[in-house]
Amino acid sequence: MALGNHSTITQFLLLGLTTDPHIQSVLFVLFLDIYLLTIMGNLTMMLVIRADSHLHVPMYFFLSHLSFLDLCLSSVTVPKMLKDLLSEIKAISVRGCLAQGFSIFITAGTEGFLLSVMAYDRYAAICHPLLYGQMVRKQLCLQLVWGSWSLGFLNALINILPASNLDFCENHTISHYSCEIPSLFPLSCSDVSTNLLVLLCSTLLHGLGTLLPIISSYARIVSTILSISSTSGRSKAFSTCSSHLTAVSFFYGSGFLRYLMPTSASSLELIFSVQYSVVTPMVNPLIYSLKNKQVKAAMRRTLGKYLPCSSWKSKAKG
């Protein structure tokens, strides 16, 4: 369609999660609490890992970067959503919308690659414990983290560049609380078939490129664990990767379903988005702190240094 046949859109209106002002007030309090917990949990995780020398190993090096990514992913969407829950007009500029969509892509995409890297780390630790130091060297850890960021950036760029060339018609209402790229396609006057194809292919490649290594790693991990004769040995080996398995289930169970399902502005679509971009960043530090004995012990030691509380110090000694 020619430019002269439709108006130039400079901003979008977000419908958010609901239009009921009473429910919006409740949701504001709920998501504010979630965001504060997300900030506190992930910052605490990063601080503890940095401060405690017992956690200066590859597994927790990757975990600190996961906490940073979760903090970024939540900060991309939640502050804007909180502001809109208190506003009558929930507007965002077209450039701001594309920037938010790009930020969601790069943080969520990088997290997918990082979860795959963490699966490799657990495979090396459980299946090849004697060679672990050689298989997961410090230089390799840095390369894997930077590689995850680079691939996440590339995945975001591949999707955002075609989206930035779209023309938008009179309909400028997004049936969502954030500017995820799939939500923009129904508003465009342009042919979005190429955009949809790029999104589908990149999501499938991203999914296969990250999920298959995770499945492969855990297939070998399970085989190794089952070959351990003692029950305590099997339990200890499984406990070292149970937190990661839980995090993977939360992220992949909602994130990829969101980008593979057709854009329909359904409640299920919103639930998937809230799950992977709001709830998962809050839950991940809780999963790793509650299910991991080393993290819990490190938290007691670290907090015992900074809090003048004898109970913390006594627990740290115990």
Side-chain angles (χ1 to χ4, degrees), residues 42 45-73 107-152 206-228 233-253 255 280-281 283-299:
N42 286 291
M45 188 67 71
M46 289 188 286
L47 172 64
V48 169
I49 292 173
R50 183 176 180 84
D52 196 289
S53 59
H54 296 83
L55 301 184
H56 291 177
V57 293
M59 174 182 175
Y60 298 106
F61 172 76
F62 295 135
L63 180 55
S64 66
H65 282 274
L66 179 66
S67 294
F68 177 72
L69 277 168
D70 281 335
L71 190 59
C72 292
L73 179 57
T107 49
T110 302
E111 182 160 335
F113 287 112
L114 188 62
L115 288 171
S116 183
V117 167
M118 294 173 74
Y120 168 75
D121 171 75
R122 292 299 82 209
Y123 156 74
I126 294 174
C127 300
H128 303 283
L130 299 179
L131 299 175
Y132 180 70
Q134 299 178 22
M135 294 178 66
V136 191
R137 303 182 306 276
K138 181 178 180 181
Q139 183 178 2
L140 178 62
C141 291
L142 290 171
Q143 291 172 346
L144 289 172
V145 168
W146 281 113
S148 297
W149 276 103
S150 299
L151 290 171
H206 187 283
L208 293 174
T210 56
L211 191 57
L212 287 181
I214 292 175
I215 295 173
S216 175
S217 295
Y218 275 103
R220 299 183 183 185
I221 288 171
V222 170
S223 176
T224 300
I225 291 176
L226 292 177
S227 66
I228 299 175
R234 288 196 297 268
S235 177
K236 184 178 180 181
F238 181 74
S239 66
T240 63
C241 54
S242 60
S243 299
H244 178 257
L245 267 177
T246 307
V248 167
S249 300
F250 268 98
F251 181 80
Y252 282 89
T280 297
V283 170
N284 277 346
L286 294 175
I287 292 172
Y288 278 95
S289 61
L290 294 176
K291 296 177 70 68
N292 191 300
K293 294 181 180 179
Q294 286 181 293
V295 173
K296 286 191 287 187
M299 283 185 172

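Aromatic ring orientation, Y120 versus Y123: tilted (interplanar angle from 30° to 60°). A tilted orientation is assigned to the rings of W149 and F68, their planes being inclined by 30° to 60°.
The residue from Y218, F62, Y288 that alone fulfils the ring-ring contact (aromatic ring centres under 6.0 Å, His included) condition with H244 is Y218.
When all heavy atoms of I287 and A247 are compared, the closest pair comes out as CD1-N, 4.4 Å. Among all heavy-atom pairs drawn from P129 and C127, the shortest one is CD-C, 3.5 Å. Scanning both residues, G109 and H206, for their nearest heavy atoms gives O-NE2, 3.0 Å.
The shortest distance between side-chain heavy atoms of H128 and T224 does not fall below 4.5 Å. Within the 4.5 Å cutoff, the side chain of P281 has no heavy atoms near those of the L71 side chain. The closest side-chain heavy-atom distance from L115 to T210 is not below 4.5 Å. Considering only heavy atoms from C-beta on, T280 stays 4.5 Å or farther from V283 through its side chain. Between L142 and V145, every side-chain heavy-atom pair lies at or beyond the 4.5 Å cut-off. Side-chain atoms of T110 and L151, non-hydrogen and from C-beta on, never get closer than 4.5 Å to each other. Counting only heavy atoms from C-beta outward, the side chains of C141 and V136 approach each other to under 4.5 Å. For the pair L140 and Q143, the minimum side-chain heavy-atom distance is below 4.5 Å.
Between the side chain of R137 and the main chain of Q134, a donor-acceptor pair closer than 3.5 Å is present. Panel note: side chain S116, backbone G112; no donor-acceptor pair is recorded below 3.5 Å. Remark: the backbone N or O of L144 is paired with a side-chain donor or acceptor of S148 at under 3.5 angstrom. A donor-acceptor contact shorter than 3.5 Å links the side chain of H56 to the backbone of I49.
One finds the CG atom of L55 at 13.5 Å from the CZ atom of R50 (value rounded to the nearest 0.5 Å). Here F113 contributes atom CZ and S150 contributes atom OG; the two are 10.0 Å apart, rounded to the nearest 0.5 Å. To the nearest 0.5 Å, the span separating CE on M46 from OG on S64 amounts to 8.0 Å. Taken from OG in S217 to CD1 in I126, the straight-line distance is 10.0 Å, to the nearest 0.5 Å. A distance of 6.0 Å separates CG in L73 from CD in E111, rounded to the nearest 0.5 Å. The line from NE2 of H65 to CG of L69 is 8.5 Å long, rounded to the nearest 0.5 Å.
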Show your reasoning for whether side chain to side chain contact (heavy atoms under 4.5 Å, CB included) applies to N284 and F251.
CA-CA 10 Å; N284 277 346; F251 181 80; over 6 Å; no
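Applying the ring-ring contact (aromatic ring centres under 6.0 Å, His included) test to Y60 and every residue at least two apart in sequence or in another chain returns nothing.
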